[in-house]
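Below: the structure, in structure tokens.
For this chain, numbers begin at 1 and follow the sequence in order.
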Amino acid sequence: MPDRDTLFSAPIAKLGDWTFDERVAEVFPDMIQRSVPGYSNIISMIGMLAERFVQPDSQVYDLGCSLGAATLSVRRNIHVPGCTIIAIDNSPAMVERCRRHLDAFRGETPVNVMEADIRDVEIENASLVVLNFTLQFLDPEARLKLLEKIWRGLNPGGALVLSEKFSFEDAEVGELLFNMHHDFKRANGYSELEISQKRSMLENVMLTDSVEAHKARLKTAGFSHAELWFQCFNFGSLVALK
């Protein structure tokens, strides 16, 4: 059973900006299940998309892989030969745990787990690229450049899965979905203090876009097709095709 997330249950005198450090890595599975509505559905469906899109003798990239949940889902659903999964994260604590996590499960497809900045890694011979709640942590001006690099590295017929927390151009809808997300967290046992402290730490680090902004950026990056395939409150996932 994963360690329970109690990181913000007591008042913190000085709230800094969010970092994916050892303490977060330790409770991450519990934190993500209780904080991100629909997360387990997205992970399962990434596996189904892998079954559909991964081509023989190609590479799959999991950019911002954290503990490797998406990588594991992809690996379970690759049924073609000659593939490699490249899982990348810039958090040493996440990378170390990801390696241990992947070693605990058998799989035919080799996985190369790298500690690196995803902006510095070349994308080559890719049939599937996963950005699962990662783009939102990049500086807004770096996002288009990364998507253009992914598009260039994807093979024809390849796909990008882009999961994000969304903002909304309609302020009333945005407020409703924001409040429903907080209801979701309360229902999962988070206190008002935990919710507000975590929000304060994330607000300078996680800058969200609207679905429309994501689609427009994907089109600018070169993707001919991009659509929202999953949404629960203010969280969701798009698929973009080359």
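Note: M114 CE to R99 CZ = 9.5 Å, rounded to the nearest 0.5 Å. For the atom pair CD (Q231) and CG (L238), the distance works out to 9.5 Å, reported to the nearest 0.5 Å. The CG atom of N132 sits 9.5 Å away from atom OG of S73, with the distance rounded to the nearest 0.5 Å. Note that CD1 of I86 is 13.5 Å distant from CD1 of I118, once rounded to the nearest 0.5 Å. In this structure, R75 CZ and F105 CZ are separated by 8.5 Å, a value rounded to the nearest 0.5 Å. Remark: I46 CD1 to N41 CG distance equals 11.0 Å, nearest 0.5 Å.
Not a single donor-acceptor pair under 3.5 Å links the side chain of K242 to the backbone N or O of G158. In this structure a side-chain-to-backbone donor-acceptor pair under 3.5 Å is present from T220 to A216. Counting only distance, with no hydrogens or angles, the side chain of E164 and the backbone of Q136 share a donor-acceptor pair below 3.5 Å. Judged by distance alone, with hydrogens and angles left aside, the side-chain atoms of Q59 form a donor-acceptor pair with the main-chain N or O of E124 at under 3.5 Å. Side chain of R119 to backbone of L138: no donor-acceptor contact under 3.5 angstrom is found. Between the side chain of T134 and the main chain of L63, a donor-acceptor pair closer than 3.5 Å is present. Checking side-chain atoms of H101 against main-chain N and O of L67 turns up a donor-acceptor pair under 3.5 Å. Side-chain N or O atoms of Q55 include one that pairs as donor or acceptor with a backbone N or O of P156 at under 3.5 Å. Looking only at distances, no side-chain donor or acceptor of S163 sits under 3.5 Å from a matching main-chain atom of S237. Proximity of a side-chain donor or acceptor of K149 to a complementary backbone N or O of V121 within less than 3.5 Å is detected.
Dense packing is recorded around CZ of R100, with more than 12 heavy atoms of other residues, nucleotides or ligands lying under 6.0 Å away. Around atom CD of E51, more than 12 heavy atoms belonging to other residues, nucleotides or ligands sit under 6.0 Å away.
L218 approaches A226 most closely through the heavy-atom pair CD1-CB, 3.8 Å. Scanning all heavy atoms of the two residues, the minimum distance from E172 to D170 falls at N-OD1, 3.0 Å. A116 approaches I88 most closely through the heavy-atom pair O-CG2, 3.6 Å. Between G222 and W151, the shortest heavy-atom contact is O-NE1, 2.9 Å. Of all heavy-atom pairs spanning T109 and C83, the tightest one is CG2-O, 3.4 Å. Closest of all the heavy-atom pairs between A70 and V130 is CB-CG1, 4.2 Å.
With a 4.5 Å cut-off on side-chain heavy atoms, W229 and L49 count as touching. Looking at Q33 and S40, their side chains come closer than 4.5 Å, going by heavy atoms from C-beta outward. Side-chain contact check for F53 versus L241: some heavy-atom pair is nearer than 4.5 Å. Using a 4.5 Å heavy-atom cutoff, the side chains of K215 and E227 are in contact. Side-chain contact between R143 and L207 is present, with heavy atoms from C-beta onward closer than 4.5 Å. H181 is not listed as a side-chain neighbour of L177, based on a closest heavy-atom distance of 4.5 Å or more. Looking at heavy atoms from C-beta onward, E108 lies out of side-chain contact with I78 at the 4.5 angstrom threshold. Annotation: side chain of C98 is not in contact with side chain of D89 (no heavy-atom distance under 4.5 Å).
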Q.
Run the side chain to side chain contact (heavy atoms under 4.5 Å, CB included) test on V239 and R52 for me, step by step, so that the C-alpha distance in whole Å, both residues' side-chain angles and the decisive distance to 0.1 Å come before the verdict.
A. CA-CA 12 Å; V239 64; R52 189 174 283 272; over 6 Å; no
Q: Please assess I123 against L154 for the test side chain to side chain contact (heavy atoms under 4.5 Å, CB included), listing each intermediate value before the final yes or no.
A: CA-CA 7 Å; I123 309 293; L154 271 170; 5.8 Å; no
Q: Just do the side chain to side chain contact (heavy atoms under 4.5 Å, CB included) check on L147 and L160 with the steps written out, would you?
A: CA-CA 9 Å; L147 294 177; L160 164 67; 3.8 Å; yes
(Q) If you apply the rule side chain to side chain contact (heavy atoms under 4.5 Å, CB included), what do you find for L146 with L131, and how did you get there? (A) CA-CA 11 Å; L146 176 66; L131 277 169; 4.1 Å; yes
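By the 4.0 Å N-to-carboxylate-O rule, D183 lies close enough to R186 to be salt-bridged with it.
Under the rule for a ring pair (Phe, Tyr, Trp, His ring centres under 6.0 Å), the partners of F166 that lie at least two apart in sequence or sit in another chain are H214. Checked against side chain to side chain donor-acceptor pair (under 3.5 Å), S127 has the following partners two or more places apart in sequence or in another chain: S58. E169 is linked by a side chain to side chain donor-acceptor pair (under 3.5 Å) to S210, counting only residues two or more places apart in sequence or in another chain.
Under the 4.5 Å side-chain contact rule for hydrophobic residues, I150 and L144 do not share a cluster.
Classification of the Y39-F133 ring pair by plane angle, with boundaries at 30° and 60°, yields tilted.
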